[in-house]
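What follows is one structure encoded as structure tokens, with my remarks underneath.
Just so we're on the same page: letters track the sequence lines, and every chain starts at 1. Note that the structure is a prediction, hence the values are computed from the model and not measured.
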Amino acid sequence: MTAEAGPMKKILVVDDEPDVCLYLSRLLQENGYAAASAADGLEAMQAVERDQPDLITLDLSMPNKSGVRFYREIKARADLKDIPVVFVTGVTGLGGSSADTARFYSTRSQVPPPDGFIAKPIDPHEVLDTVGRLLHRSG
Amino acid sequence: MAESPTVESVAAVLDLRALTGGRLLDDVPCYISIQDRQFRILEANRKLKEDFGEHLSEHCYTVFKGRIEPCPECPVARTFQDHQEHTSSETIFDRSGLPHAVIVKTSPLHGPSGEIVAVMELFADITVQKELENRLHDSLTRFHNLFDVVPCYVSVHDRDFRIVEANQRFKESFSRRLGGYCYEIYKRRTEPCTSCPVADAFADGRSHSDEQVVIDNAGRQLHVVVYTAPVRDPRGRITDVMQVAADITEMRSLQDQLASLGRLVGGIAHSIKNVLEGLRGGVYVANLGFRDQNQADIQTGWGMIQRNVDRLSAMILDMLYCAKERSPRPLPVCLPEVTRAVLQLFGARAADSGVKLEAQIADDLPDLLGEPRDIHSLISNLVGNALDACYTDQDERKSPRVMVRVFREDQQAVIEVADNGTGMDEETRGKLFTMFFSTKGASGTGLGLVVARKVVSEHGGTISVDSTPEQGSTFTVKLPLGGPP
């Protein structure tokens, strides 16, 4: 799926694994998107303010709950809360478990759910479908 | 007297038949005999004659006990002596040689002038009772042995929650003395527990069970599963409650270990998944490069593949190391040499990161006994971590530095790796040696310190960490000089 005509959509990839950032960025670039990456919540916030991305992919299993904190922060800001966010989740294992995700929802019911989920291991088709659907809809 | 009176003369004096009431004494269901001072049987009732035979004029000690001289503690003799009645318990043997356990009662018989001429001896056969007594005793002993050897804590509680009876195991683990309050002894409480299966059994006369944590006399916590049952008297009233507690501490501990194993497997899967992600990414990017003849992509992609293959190798080696139970070969290890080798390995990396890598090594340290490769691995882990701690520290005011010290302390070699990097909080310090815990996100295997600790323990040493958040950490390893004990 390629991006529609008009200015290229910008996607921010947030993941502490540099190889995942490389992979996703390259995948998105190949399919007509502009991509930037950030390795933790702090860098992500800086990138969001700097680049105004059209969509964010967010790894929840980053250390120090950095991803979760980042998500809460942007959803709390009027100027940022409408950027679609896609969670990239590892379903099992330490950190980013489905238990963490469930807990996240149960304790902060005023934080809205994300616009999409991608499970690891990442399926490139799923990534492109999700991103395309969200950006077309909001575009 | 000048000579001992004959049996006939005594009998005549006494008019024994009259004295013994004729048929009455013949029919009583015990043995009656009358002896003179020489212990000769003057008269016997019919029952005695039936079971022991006609033995008039023979000595009682011969007839009853087959002895050739008087018995040492003879109630007949005592009665002759002090003119009093006496009681004793004896065993006598009838004409078939069968023993009879008897209670003996002796009474003096007086002649016309008031002197004692004979002693009447009454034997009550208690053989059956004795037999029952013995059987009861055996039964009780057996029961008590079973009670004691039952591999559970058995205790009997009264309505006030005092322990009135307990088996050996209970006594050994909780309280040797009886009479204490159960809630004090193994719950360390000052009043009865709110939920109590003993109280429940008293209340409704039924059995109850519960799972509890109790404290033994060494202060250890034990998990037990408890069963209680009421104990009733012959009238059916509940007098006590018996409690049987089975120790399930080990089982619970195994359950915990199993749960840990489950988490471990999950951790391994997660780590491998991350590596797979990197490999796929590398393949994808490299393929783009091959397709478009794009060198940059080929290099990037291939680099990702290589990196992740290396990560996987390191991870698997670490996992195998952790899984193996082995004791190190006792090779001589020159700690100063190994330490310098490690420092050289990390020299370039430290320089690139702007971290000063310093060392103070005592060259006169005697050799250790152990596996040189493992010690190398151990020091590498610690130095690598220290460098990472400095590198991730974003405090620009600090000049990052890692100091490695190797020295002797009594019979131990001490390796100290100190950094002035990010430091760790309590929570992190607590999780430090657990598997797959890493503060380094993707770049940590999460196994480094687990491996380090295994090496240390296999060499008979200790490892500890001191840390202050934002100021740095110091890891201290102590290894015995003579090798592991």
Check: B/R280 side chain, A/Y23 main-chain N or O, donor-acceptor pair, under 3.5 Å: no
Gap between atom OH of B/Y284 and atom CG of A/L24 - 0.5 Å precision: 10.0 Å
Which of B/V285, B/L279, B/D297 touches chain A most, by non-hydrogen pairs under 4.5 Å: B/D297
Any residue meeting side chain to side chain contact (heavy atoms under 4.5 Å, CB included) with B/D292, in chain and number order, not counting sequence neighbours: A/E30, B/N294
Stepwise side-chain contact (heavy atoms from CB on, under 4.5 Å) check, B/L288 with A/R26: CA-CA 9 Å; B/L288 288 180; A/R26 203 65 195 83; 3.7 Å; yes
More than 12 heavy atoms from other groups under 6.0 Å of CZ on B/R291: yes
Non-neighbouring partners of A/E49 that pass side-chain hydrogen bond (donor to acceptor under 3.5 Å, both in side chains), sequence neighbours left out: A/R77
Minimum heavy-atom distance B/E277-A/V20, with the two atoms named: CG-CG2, 3.6 Å
Residues of residues 466-474 of chain B within contact distance of chain A, non-hydrogen under 4.5 Å: none
B/L276 portion near chain A, given a 4.5 angstrom heavy-atom threshold: neither
Rounded distance (nearest 0.5 Å) linking atom CE of B/M304 with atom CG of A/L22: 4.5 Å
Over 12 foreign heavy atoms within 6.0 Å of NZ, B/K398: yes
Gap between atom CG of A/D19 and atom CZ of B/R307 - 0.5 Å precision: 4.0 Å
By side-chain hydrogen bond (donor to acceptor under 3.5 Å, both in side chains) - contacts of B/T249 (at least two apart): B/D247
